[in-house]
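Here is how names work: the chains are called A, B, and so on, in the same order as the sequence lines, proteins then strands, and each is numbered from 1.
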Amino acid sequence: METTSILENLNDNQKNAVCSESKNCLVIAGAGSGKTRVLIQRIFWLISSRKISPYSILAVTFTNKAASEIKKRLQANLRIKIENMWVGTFHGICYRILRKNYSKVGLPKNFQIIDADDQLRLIKRIIKESDIENDQIQPKQYVWYINKKKDESTRSSEVKPDDFVTKQYNLVYSLYEEYCRKVGLVDFGEILLKVVELLTKDKETFIYYKNLFKEILIDEFQDTNSIQYKLVKILSGNENSIFAVGDDDQSIYGWRGAIVENIKKLQKDLSDIKVYRLEQNYRSSGNILSAANNVILNNSSRMGKELWTEDSSGELIKFFSAFNDSEEAKFVVEKIEDLTKGDFKRSEVAILYRSNAQSRIFEEYFISKNIPYRIYGGLRFFERAEIKDVLAYLRLAFNTRDDNSFERIINTPTRGIGEKTKSSIREYAAKNNLPLYYAIEEMCEKKILTNRIVESLYGFMKAIEKIKDSFKIENLPEQILEVIEITKIKDMYSSDKNEQARSKIENIDELVTAADFFSDENQFDDIPIIESFLAHASLEAGEGQGSEWDDCVQLMTLHSSKGLEFPIVFLVGLEEGLFPSRLSLEEGNLEEERRLCYVGITRARKLLFMTYSQIRRQYGTEEYQMPSRFIGEIPTEVIEEIRPTKGESFFKSNLNDNNSILIGSRVMHKKFGEGTITSSEGNDNNARVQVSFDKVGNKWLILALANLEILK
DNA sequence: TCTATGGTGATTTTT
DNA sequence: TCACCATAGA
């Protein structure tokens, strides 16, 4: 590839970053400024101009989607085997390293990855079996504790608990650790932690990887947590180059351990690092950018950056104040109906909300109007119970010590093994220090169980043995088909005639197709394909739902909208307590909520609608909602109110007798503190006042949104 | 083993 | 309100 073609269509700042001669680079890239493009072009540039081997480049992303996007674009331009390049998620890359080095970190060859759901089940079992009774701590909290510790690369043995509760948490952590080690299970956090330990303890391995990865590129750097940062630092070995791309204003996963400060830390930790800023936006029109810029301006901890565009200012942002949530949904759906009758496809429209519960009411209206829609989120393919059941059979056959899988399927489909039998198996297993599967083998031989149960257990064991035989089948889809037959899992649902059961059967059939797809792209030649398929199932849970290709209106949370863009965006439920969410406010996370708002606004290309509902039904009761402070942070010049056909204007109805507001009045604002009104302009829905605040100086505020308190 | 009942609690979720 | 759980009874 020619250097000139690499630089084609890049602006000066993008070019400078792509061809930077600096050893380390940090690219602060605003929303829609072409950051992924820069990362990919950088890879091309490294290969063509700097003659770096493609296999010496490590490119890390957070999602499988981003990783496959990069791979796809690389494949289109490079005539090499992309599968052998090191492009993937943190977890995917680390899994690949572990596959090669499992024995060095004490893992068995057939170690298995467990997902979040497996992890929770396992914790629940451990709590039950070890008689740790504590109603105050829920299983999920233990999971949270363990994952947090692993993200900080701390083992249970390294924690010195000084209070009872921490002691309890850490006890469960140590039991969990012990169990996973014994059985050969790794959770998501463990995959990274094991690699960090491997690289810090085994010098030879460290040197191997340090010499391998000459160039390390990381996407979405603002989302790295402590262990991921550590990993990058270790792999760089203070020798290799780091090229990090990120946007501090789009850090929305702080609650999950992501540390925005890692961006600043990187600048401090690396001596030779050059910072590039990408501020030209190629996505949204001027008014939308103005709204985004002004909202994010209210955050104090920022690296500073202002988006601009060569595009025109475009349409004003449409604001609609609904009487209640049902009117809000009706407005949005009818508007979409109008827009899609015109120039827009349904798939070009997205509804973004803060919490999943908000989707319901929109669904109702879409259904009644017969408009196809698609909700993102929810269970993904490999997370579905029926799929996990089939996989649990495979896992158990693969590793008969896997009690977690055993528990999952011992009575699925039902074979008369109830809670009582299960607990006697557990008891026997514990007493003889055996995995559950070996326990039932012994128990059947020793005739401790009733004939009926022995018979049923034999049936189960026979199925597992048959699955073991099926491993000889070389063709993966055929093998999966065979396993589905053996388990008789479809019979469970075939008697049921309802929609749910039918879709479960469809999903199980779909698993064969998934296996078929997978056999084409398997990257590990040294292990049985079935094994890498199981890893794939855990690491890459698959897309949410089918029918992706249909022309549907897109519904999703603000979080899942990150990285996407739509010509038309509806940002709904702009209410205090909902967005920004009450819980976040209580935890002092207003700035992250504001970044979420920034993410939401910058998803829109041409048209942005924002809605607010005065009354919202929540938890069964109707509640009066205050408009979100974020609305007030958008300059009035770029907003246009859409008024319902009937009823009063939002701005007017909220202007409670403003006669009392006169120039010279002393007022109190939640954020800016006390001040004096110095002038006013406009009226009704546009009334604005200028306030001279004692601490922050002059500000223009929309009267209706500012919530000013008049002081006597 | 299945189903009915009551109590509880309620964001966001890349892997 | 509604989904999720644990427990009780059929």
| said: Counting the benzene-type ring for Trp, do A:Y176 and A:Y145 have ring centres under 6.0 Å apart? | reply: no
| Ring center gap for A:W144 and A:Y142 short of 6.0 angstrom | no
Report the distance from atom [atom1] of [X] to atom [atom2] of [N], rounded to the nearest whole Å.
X: A:E587; N: B:dT12; atom1: CD; atom2: P; answer: 13 Å
X: A:K128; N: C:dC5; atom1: NZ; atom2: P; answer: 11 Å
X: A:L352; N: B:dT12; atom1: CG; atom2: P; answer: 14 Å
X: A:R617; N: B:dA10; atom1: CZ; atom2: C1'; answer: 16 Å
X: A:R415; N: B:dC2; atom1: CZ; atom2: P; answer: 12 Å
X: A:R603; N: B:dT12; atom1: CZ; atom2: P; answer: 19 Å
X: A:E586; N: B:dA10; atom1: CD; atom2: P; answer: 12 Å
X: A:R582; N: B:dT12; atom1: CZ; atom2: C1'; answer: 15 Å

| said: Over 60° means perpendicular and under 30° means parallel, so tell me whether A:Y102 and A:F111 are parallel, tilted or perpendicular. | reply: tilted
| Nearest-nucleotide comparison on DNA chain B, the residue closer to the 5′ end among A:N411 and A:G620 | A:N411
| Of A:Y619 and A:G416, whose nearest nucleotide on DNA chain B comes first from the 5' end? | A:G416
| task | Kindly say if A:R360 contacts the phosphate of C:dA3, meaning a side-chain N or O under 4.0 Å from OP1 or OP2. | result | yes
| message | Can you check the distance between C:dC4 and B:dT13, where both ends of the measurement are the P atom (answer in whole Å)? | response | 15 Å
| said: If I pick the C1' atom on B:dT12 and the same atom on C:dC5, what distance separates them, to the nearest angstrom? | reply: 23 Å
| With sequence neighbours left out, what residues match A:Y173 under ring pair (Phe, Tyr, Trp, His ring centres under 6.0 Å)? | none
| task | Identify, with sequence neighbours excluded, every residue that meets side chain to side chain contact (heavy atoms under 4.5 Å, CB included) alongside A:E69. | result | A:K72, A:R73
Taking only nitrogen or oxygen atoms into account, show me every contact under 3.5 Å that the protein makes with nucleotides 13-15 of chain B, one pair per line with its distance.
| from | atom 1 | to | atom 2 | distance (Å) |
| --- | --- | --- | --- | --- |
| B:dT13 | OP1 | A:T557 | OG1 | 2.6 |
| B:dT13 | OP2 | A:N356 | ND2 | 3.2 |
| B:dT13 | O2 | A:R256 | NH1 | 3.2 |
| B:dT15 | OP1 | A:N64 | N | 3.0 |
| B:dT15 | OP1 | A:N64 | ND2 | 3.0 |
| B:dT15 | OP2 | A:R380 | NH1 | 2.8 |
| B:dT15 | OP2 | A:R380 | NH2 | 3.3 |
| B:dT15 | O3' | A:L539 | O | 3.3 |
| B:dT15 | O2 | A:H91 | NE2 | 3.4 |

| message | Among A:K149, A:R121, A:K150, which residue satisfies the salt bridge (charged side-chain N to carboxylate O under 4.0 Å, His left out) criterion with A:D187? | response | A:K150
| message | Among A:K128, A:R395, A:R125, which residue satisfies the salt bridge (charged side-chain N to carboxylate O under 4.0 Å, His left out) criterion with A:E407? | response | A:R125
| Looking for any heavy atom pair under 4.0 Å, which part of the strands does A:E593 touch: base, sugar-phosphate only, or nothing? | base
| task | Using a 4.0 Å heavy-atom cut-off across all strands, classify A:I417 as base, sugar-phosphate, or nothing. | result | sugar-phosphate
